[in-house]
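This report concerns only the one structure given below.
Note that ligands are numbered from 1 as they come in the structure, with each ligand's atoms numbered from 1 the same way. Bear in mind that the values here come from a model prediction, so they are computed numbers and not experimental data.
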Amino acid sequence: MRIDRWRGCVVAVAALLIGSALPAMAQDAATIAAQGNGKGAAPCQTCHAPDGSGQASGGFPRLAGQNAAYLQSQLDAFAAGTRENAVMQPQSAALTEAERQALARYFSAMPAVATPGAAGTAPYADPEHLGQMLATRGRWSKQVPACEQCHGPGGVGVGAGFPPLAGQSANYLAAQLKAFRSGTRHNDPMGLMRHIAQALDDRDIDAVAHWFAAQPFPPKESRP
Ligand code: HEC
Ligand code: HEC
């Protein structure tokens with residue numbers, strides 16, 4: 001009888017602790033996203049937008065609907081310096097490990113959307129379909145596999161390892177390809193993206209970035 005009561009008490013306390021910890025965590029991420037953490041991390045939504053869709057002109061990526069483990073790995077990479085960026089490195093370094101995890105989950109849970117105006121304001125001319133060719137077939141003479149082989153059909157993304165490219169702004173995609181090429185972003189497993197980006201010239205990068213930026217995200221089939 002006594003033991004039963006004691007057990008019941010432990011269960012009640014545990015339930016209370018869990019019950020209060022979960023909303024607190026979600027609250028923390030939402031507060032940081034809107035107001036910063038008061039310790040050097042700025043409000044994320046100033047750049048990444050309140051709905052997490054990013055901003056094309058600034059090259060601020062969409063975070064909404066991206067895989068949580070991927071987002072966290074990127075925040076960790078900024079903090080560790082394996083992904084160099086003057087804007088995001090100090091942001092990430094000012095967050096605790098727990099805050100990075102909470103923010104990754106918070107943005108991941110937002111409905112997936114494309115960055116408004118992802119493909120740019122003027123129509124992009126690609127008469128030779130260079131972007132589509134690289135995306136869907138690659139360039140084997142230079143050992144470039146089709147981007148879709150890893151990033152999924154239309155660049156929808158595959159799991160935690162291969163981020164979506166569809167509907168991400170052309171500005172941002174091109175900046176990342178250049179960062180891989182120059183090595184300022186060197187957090188990619190086995191140098192997969194560095195090898196590929198080194199085989200691309202500026203025209204390739206521009207064309208393939210615009211092609212993926214114009215692909216629907218979320219993909220049409222997955223819409224209700
Ligand atoms: C002043 C603008 C600015 C603020 C504020 C900002 N970011 Fe960023 N964020 C950027 C830029 C620019 C990049 C792209 C960096 C690069 O080119 O590598 C980026 C990239 C990222 C990425 C990588 C996304 C991907 O697809 O790889 C994540 C994750 C991220 N930010 C999360 C956050 C979080 C969380 C906060 C709030 C604590 C935040 N950012 C605040 C500008 C900002
Ligand atoms: C062999 C697999 C593979 C192929 C093929 C591949 N990628 Fe990637 N790509 C990756 C991986 C893995 C990452 C994530 C690296 C990380 O963890 O930061 C990535 C990341 C990226 C990013 C950064 C996205 C973001 O949100 O920051 C861009 C842009 C990109 N790839 C473009 C391309 C393009 C364009 C092609 C084709 C020319 C291509 N990739 C082909 C594996 C691949």
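- When side chains are defined from C-beta on, Asp188 counts as touching Arg194, because their heavy atoms get closer than 4.5 Å.
- For atom 8 (Fe) of ligand 1, the N/O/S atoms of Cys47 include none lying under 2.8 Å.
- Polar contact check, Tyr70 against ligand 1: a nitrogen or oxygen pair lies under 3.5 Å apart.
- For ligand 2, the atoms sitting less than 4.0 Å from at least one non-hydrogen atom of Arg185 are 16 (C), 18 (O), 23 (C), 25 (C), 27 (O), numbered in the order shown with element in parentheses.
- Rounding to the nearest 0.5 Å gives a distance of 11.5 Å between CZ of Arg83 and NE2 of His186.
- The contact set between ligand 2 and Gln74, taken as ligand atoms under 4.0 Å from a residue heavy atom, comprises 16 (C), 17 (O), 18 (O).
- Atoms of ligand 2 found under 4.0 Å from any heavy atom of Asn187 (numbered from 1 in listed order, with element): 18 (O).
- Residue contact check for ligand 2: Pro61 places no non-hydrogen atom closer than 4.0 Å to it.
- Within the 4.0 Å heavy-atom criterion, the part of Ala146 lying near ligand 2 is the backbone and not the side chain.
- Closest of all the heavy-atom pairs between Pro163 and Gln66 is CB-OE1, 4.0 Å.
- Near Val208, the atoms of ligand 2 lying under 4.0 angstrom from a non-hydrogen atom of the residue are 35 (C).
- Between Phe162 and His151, the ring-plane angle classifies as perpendicular under the 30° and 60° cut-offs.
- Near Phe180, the atoms of ligand 2 lying under 4.0 angstrom from a non-hydrogen atom of the residue are 21 (C), 22 (C), 23 (C).
- Within the listing of ligand 2, atoms 11 (C), 12 (C), 13 (C), 14 (C) sit less than 4.0 angstrom from a heavy atom of Gly161.
- Between Asp201 and Lys142 there is no salt bridge, since none of the side-chain N atoms of the basic residue sits less than 4.0 Å from a carboxylate O of the acidic one.
- Of the heavy atoms in Gln149, none comes closer than 4.0 Å to ligand 2.
- Counting heavy atoms only, Arg83 comes closest to atom 23 (C) of ligand 1 of the residues Gln72, Arg83, Gln55.
- Below 3.5 Å of separation, one finds an N or O of Gln66 facing an N or O of ligand 1.
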Could you go through the side chain to side chain donor-acceptor pair (under 3.5 Å) check for Ser53 and Asp51 one step at a time?
-> CA-CA 6 Å; Ser53 61; Asp51 64 353; 2.7 Å; yes
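- For ligand 1, one of its N or O atoms has an N or O atom of Tyr172 under 3.5 Å away.
- Taking only nitrogen or oxygen atoms, main chain and side chain alike, Gln176 reaches within less than 3.5 Å of ligand 1.
- Here Met88 reaches atom 8 (Fe) of ligand 1: one of its N/O/S atoms is less than 2.8 Å from the metal.
- Less than 4.0 angstrom separates some heavy atom of Leu173 from each of these atoms of ligand 2: 29 (C).
- Evaluated by nearest non-hydrogen atom to atom 24 (C) of ligand 1, the leading choice among Ile32, Asn85, Leu63 is Leu63.
- Residue Cys147 has at least one heavy-atom neighbour below 4.0 Å for each of these atoms of ligand 2: 34 (C), 35 (C), 36 (C), 37 (C), 38 (C), 39 (C), 41 (C).
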